Amino acid sequence: MALSAVLIAAAKMLPKSKVMDIGPDFMPLCIGALTFVLAAVLLFLSVKNFKMHAAELENAEIADCDYKRVLLSILLVLVYVFVLQSIGFIVSTLVYLPLQMLVLAPDDRRGRKDIIQILVIDVIFTLVVFFLFRYGFKIVLPAGIFTINL
């Protein structure tokens, strides 16, 4: 919730658009508000479940953190952010999403069928987001090395 509040505050500091009704603060405000509400719901449900299962949780073992996946996810996000402008949204997202999904997928969900499903989701999601921003929000995403006139 605190990070969402920081995101909302930072979005409010972005300059307003003089050309369009929707400015650069629109999506960060939406994401910040949505994550704030979801975090509040998660906090409420966690406290409620903790109170209900307090006795069971006293003897429970905490699973070890998979540091390899965490570090690989951070590395993928950093590379994605740095290449997004130069390579472009479509290409960088088509490469980033399946890699991130494979990193986060359980070991038993990395078969041929799962990879095909991930690639289908990747293409559909990337194109939906591209066209939503391009024609719905009238915001042009970075074209990068490939200029696409869709």
Side-chain angles (χ1 to χ4, degrees), residues 1-47 49-50 60-150:
M1 287 173 61
L3 289 174
S4 298
V6 169
L7 178 62
I8 291 169
K12 291 282 187 183
M13 290 187 283
L14 291 172
K16 300 294 179 196
S17 175
K18 296 174 184 161
V19 179
M20 300 183 305
D21 293 336
I22 297 176
D25 63 336
F26 177 72
M27 282 308 292
L29 283 173
C30 290
I31 293 170
L34 180 64
T35 56
F36 188 87
V37 169
L38 292 174
V41 169
L42 184 61
L43 179 65
F44 172 76
L45 292 175
S46 296
V47 169
N49 282 338
F50 182 75
E61 288 186 28
I62 298 173
D64 290 336
C65 180
D66 192 351
Y67 293 108
K68 179 181 168 186
R69 288 186 186 189
V70 171
L71 293 174
L72 196 52
S73 290
I74 291 170
L75 179 67
L76 282 172
V77 169
L78 289 173
V79 170
Y80 176 71
V81 167
F82 287 117
V83 302
L84 180 64
Q85 194 68 32
S86 59
I87 295 178
F89 174 79
I90 292 179
V91 176
S92 59
T93 304
L94 284 173
V95 173
Y96 165 74
L97 274 182
L99 292 174
Q100 185 66 60
M101 286 190 251
L102 284 172
V103 166
L104 296 176
D107 292 334
D108 63 337
R109 299 287 305 208
R110 294 183 186 174
R112 183 183 181 113
K113 180 181 172 186
D114 299 313
I115 291 174
I116 291 170
Q117 183 180 14
I118 285 172
L119 292 174
V120 169
I121 290 169
D122 175 39
V123 170
I124 291 171
F125 176 81
T126 302
L127 292 176
V128 166
V129 169
F130 176 78
F131 286 115
L132 177 67
F133 272 78
R134 184 75 168 253
Y135 298 108
F137 300 138
K138 306 268 190 275
I139 298 172
V140 179
L141 294 171
I145 57 176
F146 302 107
T147 304
I148 300 172
N149 293 323
L150 297 176

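In this text, all values refer to a predicted model and were calculated from it rather than measured experimentally.
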Item to check | Interatomic distance, Leu102 atom CG to Leu76 atom CG [nearest 0.5 angstrom] | outcome: 10.0 Å

Checklist entry - Does any non-hydrogen side-chain atom of Arg110 lie less than 4.5 Å from one of Asp107? => result yes

Next on the checklist: Quick one, Met27 and Ile22 - any side-chain contact, counting heavy atoms below 4.5 Å?
Outcome noted: no

Checklist entry - Going from CG on Leu141 to CD on Gln85, what distance comes out if it is rounded to the nearest 0.5 angstrom? => result 10.0 Å

Checklist entry - Side chains of Leu38 and Leu34: closer than 4.5 Å at any heavy-atom pair? => result yes

Next on the checklist: Quick check: closest heavy atoms across Ser92 and Ile87, and the distance to 0.1 Å?
Outcome noted: N-CG2, 4.1 Å

Next on the checklist: With rounding to the nearest 0.5 angstrom, report the CG to OH distance, Leu99 to Tyr80.
Outcome noted: 12.0 Å

Next on the checklist: Is it the case that over 12 heavy atoms from other parts of the model lie below 6.0 angstrom from the CZ atom of Phe137?
Outcome noted: yes

Checklist entry - Which value, rounded to the nearest 0.5 Å, describes the distance between Leu127 atom CG and Asp122 atom CG? => result 9.0 Å

Checklist entry - Would you call Tyr96 and Val77 a side-chain contact if the rule is heavy atoms closer than 4.5 Å? => result yes

Item to check | Over 12 foreign heavy atoms within 6.0 Å of CG, Leu75 | outcome: yes

Item to check | Approximate separation, where rounding is to 0.5 Å, of Met101 CE and Ile118 CD1 | outcome: 6.0 Å

Checklist entry - For Arg69, does the CZ atom sit with more than 12 other heavy atoms under 6.0 Å from it, leaving out its own atoms? => result yes

Item to check | Donor-acceptor contact below 3.5 Å, side chain Asn49 vs main chain Ser46 | outcome: no

Checklist outcome for this item: CD1 of Ile90 to CG of Leu84, rounded to nearest 0.5 Å, is 11.0 Å

Checklist entry - Looking only at heavy atoms, which two atoms of Pro24 and Pro15 are closest? And how far apart? => result CG-O, 3.3 Å

Next on the checklist: Side chains of Phe130 and Thr93, heavy atoms from C-beta outward: is any pair under 4.5 Å?
Outcome noted: no

Next on the checklist: Taking the basic N atoms (NZ, or NE/NH1/NH2) and the acidic carboxylate oxygens, is any pair closer than 4.0 Å for Lys12 and Asp25?
Outcome noted: no

